[in-house]
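Accompanying notes for the structure given below.
We use all heavy atoms of the structure for the numbers below, so side chains are in, but hydrogens, waters and symmetry mates are not.
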Amino acid sequence: MLENMLQVFWQAVAGAALCSWPIYSWLRNNVKQKIDPHAPPGHQAKQGTPTMGGLIILAGAVIALVLNRFREAPFSLGTSLHGGSKAESAHTLDVFLLLLIGFGMIGFVDDFVVPRMMAGKRGLGWKQKLALEILVSGIASSMIFPSFGLNWFSTIFLILFFSNAYNFADGLDGLSGSIWIGLTLGIVGLTTFVDLNLALPMVAIAGATLVFLGFNAPPAKIFMGDVGSLPLGAVLGAIISVLSMKSDVQVGWLPILILSLLMIAELVPVPMQVAYFKLTKGKRLFPSTPIHHGFEKKGWPESRVVWTFALLQLLCSVAAYSIALGMKQ
């Protein structure tokens, strides 16, 4: 299993490296970031930086997973995610390829198609985006839990939650990429109790992300964009669904909760801020959201926020593994 992980990792690195320069060259000439006027003042200098750099990550990860897709039984969670025979069940990696490509297409429409076709719009409206996310999540959930029920709906919720949480975490140079490395270490640790191969999508993405970080390290030459952050978060949500709800592979909710603390902190304050703002007619519950902007508002330099969040995610990942290990003994 460790050999599988290393192979997938290096395939993703090679695939992302080969695709990185053509993608970057195209984005530099065709896709420029429009900075939100409500972002911290220091971010206005980033106006015009190419976005959609997540295409580099998608290219590397998809190449690695497709190559592994044709290997014999790369996963050994029983015989499939939902316990059927190999002949009866979809290949396990198909779930993650669907999420990467499906959510990647949603992000592409949001980042590239809508701003070009509709003058003055920065992307899809939240209703249209949510509807598309639910559609893709529903298909993926059906591949994990083929019968409708609590697990099926919970999987959709987890995919949507982590997809949008990771999307919010993509706000500072190097932040989302460095958080992903910590998340990957946590998932690899938790899957040692189940099957290391379940972590293959995370490892593939981590390998491609290291190449992306070469462009995204401060000062960023390129941003990830929704085309990258949405599918990456969706993959994380699907893996967490399997780890927390599959009866034959459960690691427990407490380790999952600890692993996810930073993602929860990134997402939850945003709707709370919006609701409080509307109810109080203009007052704010937090200095700024997402939370990393709140620390900037308090005077933290961007580099300090990124390092702090990356180290916190690493700490959460180690703590999640430690707790899971204690629960299994």
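- Ring planes of F112 and W26: tilted class, angle from 30 to 60°.
- No chain of hydrophobic side-chain contacts below 4.5 Å, direct or via other Ile, Leu, Val, Met, Phe, Trp or Tyr residues, connects L190 to L312.
- A donor-acceptor pair is defined here as one N or O able to donate and one able to accept, closer than 3.5 Å; no such pair exists between the side chain of T184 and the backbone of V203.
- Enclosure of atom CH2 in W300 by more than 12 non-hydrogen atoms of other residues, nucleotides or ligands within 6.0 angstrom is indicated.
- Between the side chain of S141 and the main chain of S137, no donor-acceptor pair closer than 3.5 Å is present.
- The minimum heavy-atom distance between S244 and I256, with the atom names listed, is CB-CG1, 4.2 Å.
- Under the 4.5 Å side-chain heavy-atom criterion for Ile, Leu, Val, Met, Phe, Trp and Tyr, L210 and W307 are members of distinct hydrophobic clusters.
- Atom CG of L232 is separated from atom CG of L99 by 11.0 Å, given to the nearest 0.5 angstrom.
- Residues M143 and V62 share a single hydrophobic cluster, defined by chaining ILVMFWY side chains whose heavy atoms lie under 4.5 Å apart.
- At a threshold of 4.5 Å between non-hydrogen side-chain atoms, the residues I187 and L259 count as touching.
- Between atom CG of residue N216 and atom CD1 of residue I222 there is a gap of 8.5 Å, rounded to the nearest 0.5 Å.
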Next item on the list: For side chain to side chain contact (heavy atoms under 4.5 Å, CB included), just list the numbers for M245 and W253, CA-CA rounded to whole Å, side-chain angles, deciding distance to a tenth of an Å, and then say yes or no.
Entry: CA-CA 9 Å; M245 289 188 291; W253 273 103; 4.2 Å; yes

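- Counting heavy atoms from C-beta on, the side chains of I205 and L236 never come closer than 4.5 Å.
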Check: Are L257 and I264 close enough, and set up right, to give a side chain to side chain contact (heavy atoms under 4.5 Å, CB included), and what steps lead you there?
Finding: CA-CA 9 Å; L257 179 64; I264 294 170; 3.7 Å; yes

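- Side chains of V114 and V109 form a contact here, defined as non-hydrogen atoms less than 4.5 Å apart.
- In this structure, E266 CD and L262 CG are separated by 5.5 Å, a value rounded to the nearest 0.5 Å.
- Partner P231 forms a side chain to side chain contact (heavy atoms under 4.5 Å, CB included) with one of I106, N167, L100 and no other, that one being L100.
- Side-chain contact check for E133 versus N164: some heavy-atom pair is nearer than 4.5 Å.
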Margin query: side chain to side chain contact (heavy atoms under 4.5 Å, CB included), that's the test. Do F96 and L198 meet it? Break it down for me.
Written below: CA-CA 10 Å; F96 303 106; L198 180 59; 4.2 Å; yes

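- Panel note: side chain Q273, backbone F286; a donor-acceptor pair is recorded below 3.5 Å.
- Residues M202 and W180 are in side-chain contact: their nearest non-hydrogen atoms beyond the backbone lie under 4.5 Å apart.
- No side-chain heavy atom of L196 sits less than 4.5 Å from a side-chain heavy atom of N4.
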Margin query: Checking L200 against M5 for the side chain to side chain contact (heavy atoms under 4.5 Å, CB included) test, could you report, in this order, the C-alpha distance in whole Å, the side-chain angles of both residues, the deciding distance, and whether it holds?
Written below: CA-CA 6 Å; L200 286 182; M5 293 179 62; 3.9 Å; yes

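- In this structure, I156 and G138 approach most closely via the heavy-atom pair CD1-CA, 3.8 Å.
- Rounding to the nearest 0.5 Å places CD of E296 at 12.5 Å from CZ of R304.
- Ring-plane geometry between Y24 and F215 is classed as tilted, the angle between the planes lying from 30 to 60 degrees on a 0 to 90 degree scale.
- Contact record, Y166 with S176: OH-O, 2.6 Å, taken as the closest heavy-atom pair.
- Put simply, CG on L132 and CE on M105 are 9.5 Å apart, with the number rounded to the nearest 0.5 Å.
- A distance-only check finds no donor-acceptor pair linking the side chain of D226 to the backbone of D111 [under 3.5 Å].
- With S25 contributing its side chain and P22 its backbone, the two residues share no donor-acceptor pair below 3.5 Å.
- Of all non-hydrogen atoms in S241 and F145, the two that sit nearest each other are OG-CE1, 3.7 Å.
- One finds the CD1 atom of I240 at 11.5 Å from the OG1 atom of T155 (value rounded to the nearest 0.5 Å).
- Side-chain heavy atoms closer than 4.5 Å link hydrophobic residues (I, L, V, M, F, W, Y) into clusters, and following such links, even through other members, never connects V194 to I323.
- When all heavy atoms of I179 and A169 are compared, the closest pair comes out as CD1-CB, 4.3 Å.
- Aromatic ring orientation, F148 versus W152: perpendicular (interplanar angle above 60°, classes split at 30° and 60°).
- For the pair F309/L175, a side-chain contact is recorded, criterion being any heavy-atom separation below 4.5 Å from C-beta on.
- With sequence neighbours left out, W10 forms a side chain to side chain donor-acceptor pair (under 3.5 Å) with no residue at all.
- Hydrophobic clustering of Ile, Leu, Val, Met, Phe, Trp and Tyr side chains at less than 4.5 Å, counting indirect connections, unites M272 with M263.
- Of all heavy-atom pairs between G207 and F9, the closest is CA-CE1, 3.5 Å.
- When side chains are defined from C-beta on, D173 counts as touching F223, because their heavy atoms get closer than 4.5 Å.
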